[in-house]
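Keep in mind that the numbers below use all heavy atoms, side chains included, and drop hydrogens, waters and symmetry copies.
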Amino acid sequence: MGLNYIWDLVIRAEQQGLAREKLHFRPGRVFSPYMELSPVDLNARMVEQAVDVNPYYRFYELFKDMFDVNVEDAPELRDALFDIIVHFLAELDLKQGMNKREYYIRFVLADMEAGRFGEGVSRALCLFSREERDRIAGNVLRLYETGEALYLLRDTLRYVFPRSTLYAHCEERDELLLYIGQENNEITQAKAGLIMDLFLPERFQTELYWEAHFGIVDVEETMRLDCIAMY
């Protein structure tokens, strides 16, 4: 798995959809003195909920008395305390690697989850990966800093929908044509809706195109028979 630190495992777990609160840290019965984590299967790709930890790898002074071989009292209490303390240490590890902007991103994400950007945003946020949520929150911060809504709308769309393209038609009216390049279903609708809720300027009218692109003269891939959307 290539993981050796508790913070590394927490990040991998969240990437796999396992919340850090679901992890249970326990002192390993058998462990290597050269590793902080002691997985049963060193080649496992998925993170298990129960995590064996070498408590002396980085935190000898903290745990040296808690797991003295001569102390046998209250094993359940000591295991529970160990889990709580390691969770706390993992949080410290994660925060030590964060800069000021990353803290702001976490605040924006917390506000989104709490519904401060609207209930639609709060409901749809869980559909995005961790990396996508970070990109969205980072672009919200940039929106407040620069006001470049159209650029950030396009950037976010391209990150979430790599085949997407945004066309601005502003000569006669403020209109945006958004080609998504994916199947039209409830999930893609909710994702596109969240992005537009956050970054689409109010004055623009929009048309969304999903799998079929509208025809553009002299652009061959948009002029294929039976694959052209009506504009």
(message) Please give me the minimum heavy-atom distance between L157 and I180, naming the atom from each residue.
(response) CD2-CD1, 4.2 Å
(request) Kindly indicate, with the supporting measurements, whether the criterion side chain to side chain contact (heavy atoms under 4.5 Å, CB included) is fulfilled by V10 and E91. (result) CA-CA 9 Å; V10 169; E91 291 290 334; over 6 Å; no
(request) Please test R26 against V86 for side chain to side chain contact (heavy atoms under 4.5 Å, CB included), starting from the C-alpha separation and ending with a verdict. (result) CA-CA 9 Å; R26 60 192 183 188; V86 174; over 6 Å; no
(message) Between L109 and I136, is there a side-chain heavy-atom distance shorter than 4.5 Å?
(response) no
(message) Is it the case that over 12 heavy atoms from other parts of the model lie below 6.0 angstrom from the OH atom of Y104?
(response) no
(message) Between D83 and H24 (side chain of the first, backbone of the second, donor and acceptor by atom type, cut-off under 3.5 Å), is there such a pair?
(response) no
(request) May I ask you to say whether D111 pairs ionically with R106, meaning some side-chain N is under 4.0 Å from a carboxylate O? (result) no
(request) Of all the heavy-atom pairs spanning F128 and R133, show the shortest one and how long it is. (result) O-NH1, 2.7 Å
(request) Using atom types as modelled and distance alone, determine if a side-chain donor or acceptor of T188 lies under 3.5 Å from a backbone N or O of E183. (result) yes
(request) For T156 and I195, indicate whether the former's side chain and the latter's backbone hold a donor-acceptor pair under 3.5 Å. (result) no
(request) Could you pull out the closest heavy-atom pair between S122 and G115, with the gap in Å? (result) CB-CA, 3.9 Å
(request) Answer yes or no: is there a side-chain heavy-atom contact under 4.5 Å between L150 and F199? (result) no
(request) Could you walk me through whether F63 and F82 pass ring pair (Phe, Tyr, Trp, His ring centres under 6.0 Å), step by step? (result) CA-CA 9 Å; F63 291 117; F82 181 81; 4.9 Å; yes
(message) Are I6 and Y56 connected into the same hydrophobic cluster when the rule is that any two of I, L, V, M, F, W, Y join if their side-chain heavy atoms are below 4.5 Å apart?
(response) yes
(message) Just checking L62: does its CG atom have more than 12 heavy atoms from other residues, nucleotides or ligands closer to it than 6.0 angstrom?
(response) yes
(request) Dump the intermediate steps for side chain to side chain contact (heavy atoms under 4.5 Å, CB included) on M196 and L178, then the final yes or no. (result) CA-CA 10 Å; M196 289 192 293; L178 281 67; 3.9 Å; yes
(message) Show the nearest heavy-atom pair for residues R58 and D93, with the distance to one decimal.
(response) NH2-OD2, 2.7 Å
(request) Rounded to the nearest 0.5 Å, what's the gap from CG on D197 to CG on L200? Could you check? (result) 8.5 Å
(request) Look only at the side chain of Q16 and the backbone of V47, and say whether a donor-acceptor pair between them is shorter than 3.5 Å. (result) yes
(request) State whether the side chain of N54 and the backbone N or O of M35 hold a donor-acceptor pair below 3.5 Å, judged by distance alone. (result) yes
(message) Could you measure the distance from the CZ atom of R130 to the CD1 atom of I11? Nearest 0.5 Å is fine.
(response) 6.0 Å
(message) Once rounded to the nearest 0.5 Å, what's the spacing between atom OG1 of T206 and atom CG of L176?
(response) 7.0 Å
(request) Could you walk me through whether W210 and Y179 pass the side chain to side chain contact (heavy atoms under 4.5 Å, CB included) test, one step at a time? (result) CA-CA 6 Å; W210 298 92; Y179 172 65; over 6 Å; no
(message) Starting from Y151, can I reach V160 by hopping between I/L/V/M/F/W/Y residues whose side chains sit under 4.5 Å apart?
(response) yes
(message) Can you confirm whether V51 sits close enough to V53 that some side-chain heavy atom of one is under 4.5 Å from a side-chain heavy atom of the other?
(response) yes
(request) Name all residues meeting the side chain to side chain donor-acceptor pair (under 3.5 Å) criterion together with N184; count only those two or more places apart in sequence or in a different chain, and write none if there are none. (result) Q189
(message) Using only atom types and a distance under 3.5 Å, with no angle test, would you say the side chain of H87 pairs donor to acceptor with the backbone of F25?
(response) no
(request) Nearest 0.5 Å please: distance from the CZ atom of R154 over to the CG atom of N139. (result) 11.5 Å
(request) Taking Q205 for its side chain and E175 for its backbone only, find out whether a donor-acceptor pair lies under 3.5 Å. (result) no
(message) Could you report the tightest heavy-atom contact between V121 and L194, atom names first, then the distance?
(response) O-CD1, 3.5 Å
(request) Mark yes or no for whether R158, through its side chain, and T165, through its backbone, hold a donor-acceptor pair below 3.5 Å. (result) no
(message) Do the side chains of E145 and R101 get close enough for a salt bridge, i.e. N-O under 4.0 angstrom?
(response) yes
(message) Other residues, nucleotides and ligands only: do more than 12 of their heavy atoms fall within 6.0 Å of CZ on F59?
(response) yes
(message) Is there a path of hydrophobic side-chain contacts, each under 4.5 Å between heavy atoms, that joins I84 and L94?
(response) no
(request) Hey, could you give me the CG/CZ distance between L141 and F107, rounded to the nearest 0.5 Å? (result) 11.0 Å
(message) Using every non-hydrogen atom in the two residues, find where K191 and F161 come nearest and quote the distance to one decimal.
(response) CB-CZ, 3.7 Å
(request) Salt-bridge test for R29 and D52: reply yes if a basic N is under 4.0 Å from a carboxylate O, no otherwise. (result) no
(request) Could you state whether I105 and Y159 fall into the same hydrophobic cluster, counting links through intermediate Ile, Leu, Val, Met, Phe, Trp or Tyr residues with side-chain heavy atoms under 4.5 angstrom apart? (result) no
(request) Decide, yes or no, whether a salt bridge links E14 with R20 under the criterion of side-chain N to carboxylate O below 4.0 Å. (result) yes
(request) Please tell me if the side chains of L23 and L9 come closer than 4.5 Å, counting only heavy atoms from C-beta onward. (result) yes
